[in-house]
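Written out below as structure tokens is the structure these notes cover.
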Amino acid sequence: MLETFYRIRDTYYLVILAIAVPVNIVATAILSRGKCGLSTCTTRYLVAMAAADLTAVVTALCTRIKYYFPGSFLDTYPLCSIIFVLKGASRDCSVWLTVTFTFDRFVAICCQKLKTSYCTGRTAALVLVITCTIMCLKNIPFYFVYKPREILDGVLWFCKVIPAYFTEHQWVSFDRFDKSLTPLIPFALILVLNALTVRHILAASRVRKGLRGQRKGEKCSDPEIESRRRSAILLFTISGSFIILWLATIVDFFKYNVAGTDPNSYTDSELILKALGYMLQNLSLCTNTFIYGATQSKFRQQFIAAVKWPVITIVRLIRRQNN
């Protein structure tokens, strides 16, 4: 059963990577134009998230190329070590940009006094730069976690984790810090922020309906409530997708770090759960684009136009040649 699952997993990775690269490129291009009816602040967060997902996909693709074509230049040291560092940094940026976006929408919906100063394009740019810088710096130590596995004709090949990473206190503490920072802390923060946002929306809706004298069952248009509803839908779909797709990884985190289960003694079902966590992580790299399409009508229009553009261009070229 385990071998069959791994064969399915390998095919799954290829499909996900084939989808994730173009959809993230298209999403980044569309959102960067700023014609989706979103605020500058929201647009910058979404563009950064799409760019981080695209970077994570590219580094994951490099890893899969190493797997299917062993002995390529990607397996040379220290390039393989650099790839692992970039892979971790892009993953952390993708996760923590989801947190910063969730916090931004929490402020926009729940903190009206802070909204005018925080929910701006300038603040968003500053938060994005700081977040990505911290995540990149945090992953630099991973460069020193690996050493060359062998030397052939004077060339260093392949990456091997140093034994000290599993025994020395400093490395063990760093490993726990890394796993707590992504995804345990973001998972908890997103749950808390979403819970507070939902509570505020429900309370504010009841108050506004009371002030407007809206009776039970009576339909009455309220632009403020409708604006909050659209913002909340985008927020909850993105953060909810993150929670669902990282849940298996969180369960494995508690099994390893809290319950103290040795990965070498995992049963087949536990190994499948661990592998499933990685599979869902990769799926999270291409879901946001589909979320934008499902929740934002203007994004759908821009996306359809982008898909039609090469077809229309080819048809026009053919007509010109025929004429």
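Throughout, residue positions are numbered sequentially from 1 according to the sequence presented. Computed over heavy atoms, backbone and side chain alike; hydrogens, waters and symmetry mates excluded.
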Requested in this report: Give a yes or no on whether F236 atom CZ has more than 12 heavy-atom contacts from other residues, nucleotides or ligands under 6.0 Å away.
Outcome: yes

Report task. Could you tell me whether the side chains of S284 and T287 share a donor-acceptor contact shorter than 3.5 Å? Result -> no

Query - Distance, nearest 0.5 Å, that separates CD1 of I190 from OG1 of T197 - result: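 Rounded to the nearest 0.5 Å, the CD1-OG1 separation comes out at 11.0 Å.
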
Query raised in the report: By the rule that ILVMFWY residues connect when side-chain heavy atoms come within less than 4.5 angstrom, directly or transitively, which residues belong alongside V15?
Result: I19, V23, F290

Query raised in the report: Considering all heavy atoms of both residues, which atom of A20 and which atom of L285 are nearest to each other, and what is their separation?
Result: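 That closest heavy-atom pairing would be CB-O, 4.5 Å.
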
Query raised in the report: Looking only at heavy atoms, what is the nearest atom pair of Y143 and S81, with distance?
Result: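 Looking at all heavy atoms of both residues, the shortest contact is O-OG, 3.0 Å.
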
Query raised in the report: Is I109 reachable from V198 through a run of I, L, V, M, F, W or Y residues, each pair having side-chain heavy atoms under 4.5 Å apart?
Result: yes

Per-pair distances, 0.1 Å, donor-acceptor, side chain in residues 153-168, under 3.5 Å, sequence neighbours excluded:
from, atom 1, to, atom 2, distance (Å)
Y165, OH, D175, OD1, 2.7
T167, OG1, P163, O, 3.4

Query raised in the report: For R7, which residues count as a side-chain contact (heavy atoms from CB on, under 4.5 Å) partner, sequence neighbours excluded?
Result: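 Counting only residues at least two positions away or on another chain, R7 forms a side-chain contact (heavy atoms from CB on, under 4.5 Å) with E3, T4.
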
Query raised in the report: What do you reckon, are the aromatic ring centroids of Y292 and F299 less than 6.0 Å apart?
Result: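 Yes, close enough.
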
Query - Any donor-acceptor N/O pair, T295 side chain to I291 backbone, under 3.5 Å - result: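 Yes, because the side chain of T295 sits within donor-acceptor range (under 3.5 Å) of the backbone of I291.
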
Query raised in the report: How would you list all residue pairs meeting salt bridge (charged side-chain N to carboxylate O under 4.0 Å, His left out) that involve residues 120-141, not counting sequence neighbours?
Result: D92-K138, K138-D178

Report task. Please collect all salt bridge (charged side-chain N to carboxylate O under 4.0 Å, His left out) contacts where either partner lies in residues 24-49, sequence neighbours excluded, each pair once. Result ->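 Qualifying pairs: none.
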
Can you give the donor-acceptor pairs under 3.5 Å from side chains of residues 71-78 to other protein atoms, not counting sequence neighbours?
from, atom 1, to, atom 2, distance (Å)
S72, OG, L74, N, 3.4
D75, OD1, K66, NZ, 3.2
D75, OD2, G71, N, 2.7
T76, OG1, F73, O, 2.6
Y77, OH, Y146, O, 3.3

